[in-house]
2 protein chains.
Amino acid sequence: MVTIYDIAKKANVSAMTVSRVINKSDKISVKTREKVEAIIKELNYLPNSSARSLVSKKTKILSLMITDIANPFFTSVARGAEDKAMQMGYQLMLCNSDENLEKESKYIDMLISAGTDGVLIAPANDSSKKNIQTLTKYNIPFVLLDRHIKDLKCDQVLSDNETTTRRLLEHLIKQGHKRIAIINGPLDVATARERHQAYCDTLTAHGLEINSNLIHQSHFLQDSDISKIIKKMLDLPENERPTAIFATSNFIGVDTVKFLIKYNMKVPEDIAVVCYDGLPNYTESELFITAAEQPSYHFGYMGMQMLIERIENTAPEMPRKIVLPAEIHIRKSSLHEIDKNNEAPR
Amino acid sequence: MVTIYDIAKKANVSAMTVSRVINKSDKISVKTREKVEAIIKELNYLPNSSARSLVSKKTKILSLMITDIANPFFTSVARGAEDKAMQMGYQLMLCNSDENLEKESKYIDMLISAGTDGVLIAPANDSSKKNIQTLTKYNIPFVLLDRHIKDLKCDQVLSDNETTTRRLLEHLIKQGHKRIAIINGPLDVATARERHQAYCDTLTAHGLEINSNLIHQSHFLQDSDISKIIKKMLDLPENERPTAIFATSNFIGVDTVKFLIKYNMKVPEDIAVVCYDGLPNYTESELFITAAEQPSYHFGYMGMQMLIERIENTAPEMPRKIVLPAEIHIRKSSLHEIDKNNEAPR
DNA sequence: CTGTTAGCGCGTTCAC
DNA sequence: GTGAACGCGCTAACAG
């Protein structure tokens with residue numbers, strides 16, 4: 001391994017001078033700088049980050065903690081985060097918590113041990129607060145991604161859950177739907193809770209009843225057990241069955257449609273579906289599900305930007321909150337005027 | 001920051017004893033071990049990886065270099081790689097080269113500087129050899145992923161390009177197709193080259209002519225300019241037009257179908273399509289494109305496993321080569337007996 | 001402008 | 001079983 005001493009010896013200068021050249025100190029004569037730089041190139045010298053970090057307490061490593069890289073939302077977040085990190089001269093450490101607190105905790109410990117400069121984190125759920133406070137104990141800056149945590153003062157980049165949910169539901173209401181179900185993630189996750197609240201508020205505001213038979217929780221991972229939930233709702237008497245379903249995540253939305261069809265329901269004729277968050281259009285066909293498309297790349301990109309600004313002390317003292325709007329794309333899964341006569345009296 | 005000295009002082013032992021406890025040395029009395037362990041827990045001590053690395057020359061950081069995390073193939077690879085790394089107590093550094101040699105080179109330098117213990121790498125192209133040799137110069141183990149590089153002795157986990165290509169084409173040939181086009185990635189990428197070779201070999205073996213008007217190269221990123229290529233082929237006289245197209249990657253396949261439809265061609269009636277590598281089925285509908293589905297998760301998982309075995313010296317001296325088979329899924333895009341009379345004489 | 005000294009936190013080496 | 005001294009590669013602080 002080549003060290004600054006090897007360079008120093010060959011250049012007839014001290015190690016300190018080499019260090020100064022590497023760190024672009026300006027108090028170096030042009031002649032020695034050029035001499036040293038030439039030898040650095042010749043010997044293919046690359047600084048040892050461990051040694052540097054030991055002194056500087058900085059690693060130039062940032063971390064991204066997400067709950068599932070297989071979810072296209074987070075894939076795109078990762079892409080954005082990585083682009084920004086790279087651009088600013090940082091490396092990115094990737095961590096998948098699988099919505100699991102213990103895994104998250106283990107990762108946090110590893111990240112602290114590795115000396116990460118900062119963490120962009122989508123917490124598994126509200127109890128992640130404890131894991132995040134471990135970061136605080138070590139003075140490691142972090143930015144909350146997608147999922148808010150109560151009473152945690154920090155930078156965050158979030159989705160506009162209230163507005164987006166309301167707009168999706170009002171689209172359904174405008175189509176004549178009165179019995180709208182929600183299939184949600186666990187309520188100890190902020191996004192699920194906020195979407196739940198907005199769901200209740202919007203129905204109430206439009207004079208619609210909130211029926212607990214139409215409110216269901218699953219989870220956000222890919223194999224969420226939607227089948228049972230659908231079955232349960234289809235078993236309701238016809239005049240209590242939902243005529244529309246609000247799915248609060250991409251995977252939930254896809255599975256909802258899948259199982260509706262499996263149980264011989266027509267979408268949107270029998271039951272309409274709208275979905276919070278979209279999926280990439282890989283297929284040749286038109287997209288089918290009405291979805292609130294999120295700017296996922298920017299979640300990662302802007303989250304990283306805030307994190308780096310925080311680390312490099314170019315950010316204002318005050319915590320910043322970025323709320324990214326979603327774009328509602330109305331598609332076939334919700335485009336069907338329901339038959340008003342079919343509506344049973346309440 | 002808590003150090004072993006803080007622990008030592010509180011436990012009335014030397015730092016060395018603490019170090020031995022942490023590293024699970026057996027030459028420690030049970031009593032002191034327990035005392036030290038209690039204080040470690042109490043003080044939330046986490047070892048400083050930089051200091052450790054400086055001494056041990058190991059970081060417990062592995063790296064994954066891929067060309068695009070937005071490509072579902074690599075997303076899944078990343079998932080597999082991360083799972084294995086985590087399981088074995090390593091952290092994963094993620095790098096996107098964007099099929100770009102310079103970006104790849106810059107990343108390699110960063111990784112060396114960061115002291116990565118090993119790299120699982122899908123090289124951008126044949127010229128990546130130089131970047132990879134930099135790793136060798138620093139004695140950093142690596143495993144080639146997906147893309148072979150000539151005369152590079154190393155562990156590799158690859159796709160069975162020859163067999164898979166042949167089976168896809170023979171399926172088309174069996175359907176009666178005689179003019180089969182190929183839309184490929186750049187030929188300085190091993191997978192593209194091998195699929196090209198297998199394409200030529202298979203056609204020849206079946207007595208079909210190899211027509212340069214039906215051989216096209218684009219690239220593997222998402223916005224590959226397939227439109228022009230399709231247009232060019234549709235501009236051929238009817239009796240020279242392809243009746244089927246072999247797309248050598250998932251994104252190419254999707255775009256091929258998309259633009260065929262855009263130019264008013266019916267798939268598969270006018271032109272059939274088969275594709276090397278699949279895409280996740282997010283939609284409610286049946287998948288459409290006939291595809292060779294690759295076990296992408298295992299590319300990552302097994303690649304990491306080989307890498308770790310190499311690092312921990314539990315691997316045989318000899319380089320290992322794992323070839324993972326793809327599963328051919330025949331779907332609608334290629335299920336149409338072509339009209340034999342429509343075949344022009346040659 | 002350049003060099004010397006000391007120390008970052010830990011593990012290796014060699015004593016006891 | 002335990003401890004003291006040294007050095008990993010680098011940079012901050014000071015000296016010249």
Side-chain angles (χ1 to χ4, degrees), chain A residues 1-37 39-40 43-61 109-117 138-140, chain B residues 1-37 39-40 43-61 109-117 138-140:
Chain A
M1 169 179 260
V2 186
T3 74
I4 50 171
Y5 287 95
D6 301 323
I7 311 284
K9 201 190 289 177
K10 199 149 184 180
N12 278 317
V13 295
S14 75
M16 200 50 229
T17 302
V18 178
S19 175
R20 287 197 180 97
V21 170
I22 294 165
N23 294 291
K24 310 214 180 298
S25 156
D26 46 356
K27 285 161 188 169
I28 289 274
S29 77
V30 181
K31 216 193 296 177
T32 44
R33 149 168 296 121
E34 281 170 354
K35 186 169 59 177
V36 171
E37 276 173 348
I39 297 177
I40 285 179
L43 267 53
N44 276 305
Y45 166 79
L46 289 173
N48 179 319
S49 295
S50 295
R52 274 187 157 173
S53 305
L54 195 55
V55 178
S56 70
K57 308 288 172 211
K58 308 230 169 279
T59 55
K60 285 277 173 181
I61 293 176
D109 281 357
M110 288 177 90
L111 291 179
I112 293 171
S113 184
T116 189
D117 285 351
Y138 281 84
N139 281 312
I140 298 175
Chain B
M1 169 180 260
V2 186
T3 74
I4 48 170
Y5 287 95
D6 302 323
I7 311 283
K9 201 189 289 179
K10 198 148 186 181
N12 278 318
V13 294
S14 75
M16 201 48 236
T17 303
V18 178
S19 176
R20 287 196 179 97
V21 171
I22 294 164
N23 294 291
K24 310 214 181 298
S25 155
D26 45 357
K27 284 162 190 167
I28 289 272
S29 76
V30 181
K31 215 193 296 178
T32 46
R33 149 168 295 120
E34 281 170 354
K35 186 171 58 175
V36 170
E37 276 173 348
I39 296 176
I40 286 180
L43 267 52
N44 276 305
Y45 166 79
L46 290 173
N48 180 319
S49 296
S50 296
R52 273 189 157 172
S53 305
L54 196 54
V55 179
S56 70
K57 309 286 171 212
K58 306 228 169 282
T59 55
K60 284 278 176 181
I61 293 176
D109 281 357
M110 288 178 90
L111 291 179
I112 293 171
S113 187
T116 190
D117 285 349
Y138 281 84
N139 281 313
I140 297 176

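Values in this document were obtained by computation on a predicted structure and should not be read as measured data. Labels below follow one simple rule: chain letters A, B, ... track the order of the sequence lines, proteins then strands, and each chain is numbered from 1.
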Roughly how many Å is it from [atom1] in [X] to [atom2] in [N], rounded to a whole number?
{"X": "Ile7(A)", "N": "dG9(D)", "atom1": "CD1", "atom2": "C1'", "value": "12 Å"}
{"X": "Lys27(A)", "N": "dA12(D)", "atom1": "NZ", "atom2": "C1'", "value": "13 Å"}
{"X": "Ile22(A)", "N": "dG9(D)", "atom1": "CD1", "atom2": "P", "value": "13 Å"}
{"X": "Leu43(B)", "N": "dG9(C)", "atom1": "CG", "atom2": "P", "value": "14 Å"}
{"X": "Lys57(A)", "N": "dG9(D)", "atom1": "NZ", "atom2": "C1'", "value": "14 Å"}
{"X": "Leu46(B)", "N": "dC10(C)", "atom1": "CG", "atom2": "P", "value": "10 Å"}
{"X": "Ile112(B)", "N": "dG9(D)", "atom1": "CD1", "atom2": "C1'", "value": "17 Å"}
{"X": "Arg20(B)", "N": "dT13(C)", "atom1": "CZ", "atom2": "P", "value": "12 Å"}

Taking [Y]'s backbone N and O only, do any of them form a donor-acceptor pair with [X]'s side chain (distance below 3.5 Å, no angle check)?
{"X": "Asn23(B)", "Y": "Ser25(B)", "answer": "no"}
{"X": "Asp117(B)", "Y": "Lys58(B)", "answer": "no"}
{"X": "Ser49(A)", "Y": "Ser113(B)", "answer": "yes"}

Do [X] and [Y] have side chains that approach each other closer than 4.5 Å (heavy atoms only, starting at C-beta)?
{"X": "Val2(A)", "Y": "Asn44(A)", "answer": "no"}
{"X": "Arg33(B)", "Y": "Glu37(B)", "answer": "yes"}
{"X": "Val18(B)", "Y": "Tyr5(B)", "answer": "no"}

Tell me what [X] touches on the nucleic acid: a base, only sugar-phosphate, or nothing, going by heavy atoms under 4.0 Å.
{"X": "Thr32(A)", "answer": "sugar-phosphate"}
{"X": "Ile4(A)", "answer": "base"}
{"X": "Ser29(B)", "answer": "sugar-phosphate"}

Reckon [X] has a side-chain N or O less than 4.0 Å from the OP1 or OP2 of [N]?
{"X": "Tyr5(B)", "N": "dA4(D)", "value": "no"}
{"X": "Arg52(B)", "N": "dG11(C)", "value": "yes"}
{"X": "Asn23(B)", "N": "dG11(C)", "value": "yes"}
{"X": "Thr3(A)", "N": "dG9(D)", "value": "no"}
{"X": "Ser56(A)", "N": "dT11(D)", "value": "no"}
{"X": "Thr17(A)", "N": "dG3(C)", "value": "yes"}

query = To the nearest 0.5 Å, how far apart are OG1 in Thr59(B) and CZ in Arg52(B)?
reply = 12.0 Å
query = Does a distance-only test, which skips hydrogens and angles, find a donor-acceptor pair under 3.5 Å between the side chain of Arg33(B) and the base of dG1(D)?
reply = no
Looking only at side-chain atoms of [X], point me to the closest of [options].
{"X": "Val13(A)", "options": "dG3(C), dG9(C), dT13(C)", "answer": "dG3(C)"}
{"X": "Met16(A)", "options": "dG9(D), dT2(C), dA12(D)", "answer": "dA12(D)"}
{"X": "Ala51(A)", "options": "dT2(D), dG9(D), dG9(C)", "answer": "dG9(D)"}
{"X": "Tyr45(A)", "options": "dC10(D), dT11(D), dG9(D)", "answer": "dC10(D)"}
{"X": "Leu54(A)", "options": "dC8(C), dC10(D), dT2(C)", "answer": "dC8(C)"}

message = Tell me the bend of the helix from dC1(C)-dG16(D) to dC16(C)-dG1(D) as the angle between end helix axes, each from five pairs, rounded to the nearest 10 degrees.
response = 40°
inquiry  = So, applying side chain to side chain contact (heavy atoms under 4.5 Å, CB included) with Ile40(A), which one of Leu46(A), Ile4(A), Ile22(A) is it?
reply    = Ile22(A)
